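Just follow the structure's listing: the first ligand is 1, and inside any ligand the first atom is 1. Quantities reported herein were computed from a predicted structural model and do not represent experimental measurements.
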Amino acid sequence: MLRDASSVVVFSGAGVSAESGLATFRSGGNALWNDPEVSTYPTPRGYRAHVPRSWQWYAMRAQTAADAAPNPGHVAIAEIERRVPDFLLVTQNVDGLHHRAGSRRVVELHGNLRETRCFDCDAKSAWPAQPADPLCARCGGLLRPDVVFFEENLPADTLESARDAAERCDVFVSVGTSNLVWPARELPDVAQSAGAHVFIVNVDMTGQMPPGDRVVHLTGTAGDVLPRMVARAWPAPT
Ligand code: NAD
Ligand code: ZN
């Protein structure tokens, strides 16, 4: 199906980066859910209330992502893009690893940690080195990571292009997402209702749409399953 598809959407979540050493949101021992102060950072009010610790925490996450390397799962997704005429990668990840693995047609639904953005004038800039208050060079406003916080809307154009692609694809591959975050979680349903075959790659199928006629569960890690999918779809010439 992958080989014959003219339009493919890959939809990824934090699980695709787990094998690169980046913690998922809901994996055990993640400080995000254990520390009550830290768990307020991903909201506009919580972030502002805890400057400078909140931006230092995000700067640290940005550094951790920059230090991580793409794994064979990211590489396989970039390979699918090179083989399929109409392709879109829709990711919930903010770590930038898909780009670094060679993916080009990417919609980052939740933004990214590469840069900061000004709360007031939206100007983007590099992470500040060490000032206590990270302030915008243009207007003096507070800097924040260029990600979508809880309580904020996704940029309408990114969500629209993700929905359009899900509606027209023949094959939809969901990888490493718990499907808990709305509105991203509606995408597999959109694709299935529009007639696509849906493949779900995850180590744990809790909360996923049940397997059926056009829904296939591939239980395993992204770094193991995705390269095998690619190798089966496009065997190397002997
Ligand atoms: P999640 O943490 O809710 O779920 C992770 C999913 O990945 C789970 O279903 C888990 O079973 C699965 N998984 C774990 N290891 C895997 C592996 N090796 N291979 C395949 N699947 C694996 O993640 P989510 O659904 O992306 O939602 C979390 C939110 O947090 C998103 O909005 C995302 O923006 C953000 N987030 C991003 C990163 C990142 O950029 N790397 C990391 C943590 C959280
Ligand atoms: Zn500004």
So is there a nitrogen or oxygen of G176 less than 3.5 Å from a nitrogen or oxygen in ligand 1?
yes

Interatomic distance, CE@M229 vs CZ@R3, rounded to 0.5 Å, equals 12.0 Å

With no hydrogens and no angle check, is any side-chain donor or acceptor of H50 less than 3.5 Å from a backbone partner on R45?
no

With heavy atoms of G13 as the reference, note each atom of ligand 1 found under 4.0 Å away.
26 (O)

Could you go step by step and tell me if E115 and S125 meet the side chain to side chain donor-acceptor pair (under 3.5 Å) rule?
CA-CA 6 Å; E115 286 181 307; S125 53; over 6 Å; no

Atom 33 (C) of ligand 1: which of E19, Q208, Q92 has the nearest heavy atom?
Q92

Is any protein N, O or S atom closer than 2.8 Å to the Zn ion (ligand 2), and if so, which?
C118 SG, C121 SG, C136 SG, C139 SG

Using a 4.0 Å heavy-atom cut-off, which part of S12 comes near ligand 1: side chain, backbone, both, or neither?
neither

Polar proximity ligand 1 side, R61 side, N/O cut 3.5 Å exclusive
no

I need the F149 CZ to Y58 OH distance, nearest 0.5 Å.
4.5 Å

What atoms in ligand 1 come closer than 4.0 Å to a heavy atom of D204?
11 (O)

Distance-only N or O hit between ligand 1 and A14, under 3.5 Å
yes

Side-chain donor/acceptor pairs under 3.5 Å, residues 134-141, sequence neighbours excluded:
none

Can you tell me if L180 has a non-hydrogen atom under 4.0 Å from ligand 1?
no

Does an N or O anywhere in A23 fall below 3.5 Å from an N or O of ligand 1?
no

For residues 194-211, which residue pairs pass the side chain to side chain donor-acceptor pair (under 3.5 Å) check, not counting sequence neighbours?
N179-Q208, D204-T206

Look at R228 together with D224 and state whether they make a salt bridge at an N to O cut-off of under 4.0 Å.
yes

Please tabulate, for side-chain N and O atoms in residues 7-18, each donor-acceptor pair with protein atoms closer than 3.5 Å (sequence neighbours left out).
from: S7; atom 1: OG; to: D86; atom 2: OD2; distance (Å): 2.9
from: S12; atom 1: OG; to: T91; atom 2: OG1; distance (Å): 2.7
from: S12; atom 1: OG; to: H98; atom 2: NE2; distance (Å): 2.8
from: S17; atom 1: OG; to: H74; atom 2: NE2; distance (Å): 3.2
from: S17; atom 1: OG; to: D95; atom 2: OD2; distance (Å): 2.6

For D213, is the CG atom crowded, meaning more than 12 foreign heavy atoms sit under 6.0 Å from it?
no

With the threshold set at 4.0 Å, does a side-chain nitrogen-carboxylate oxygen contact exist between E79 and R83?
yes

What I want to know is whether A18 and ligand 1 share at least one N or O pair that is separated by under 3.5 angstrom.
no

Just by distance, do the side chain of R61 and the backbone of L113 share a donor-acceptor pair under 3.5 Å?
no

Pick one of side chain, backbone, both or neither for how S178 approaches ligand 1, counting any non-hydrogen atom pair under 4.0 Å.
both

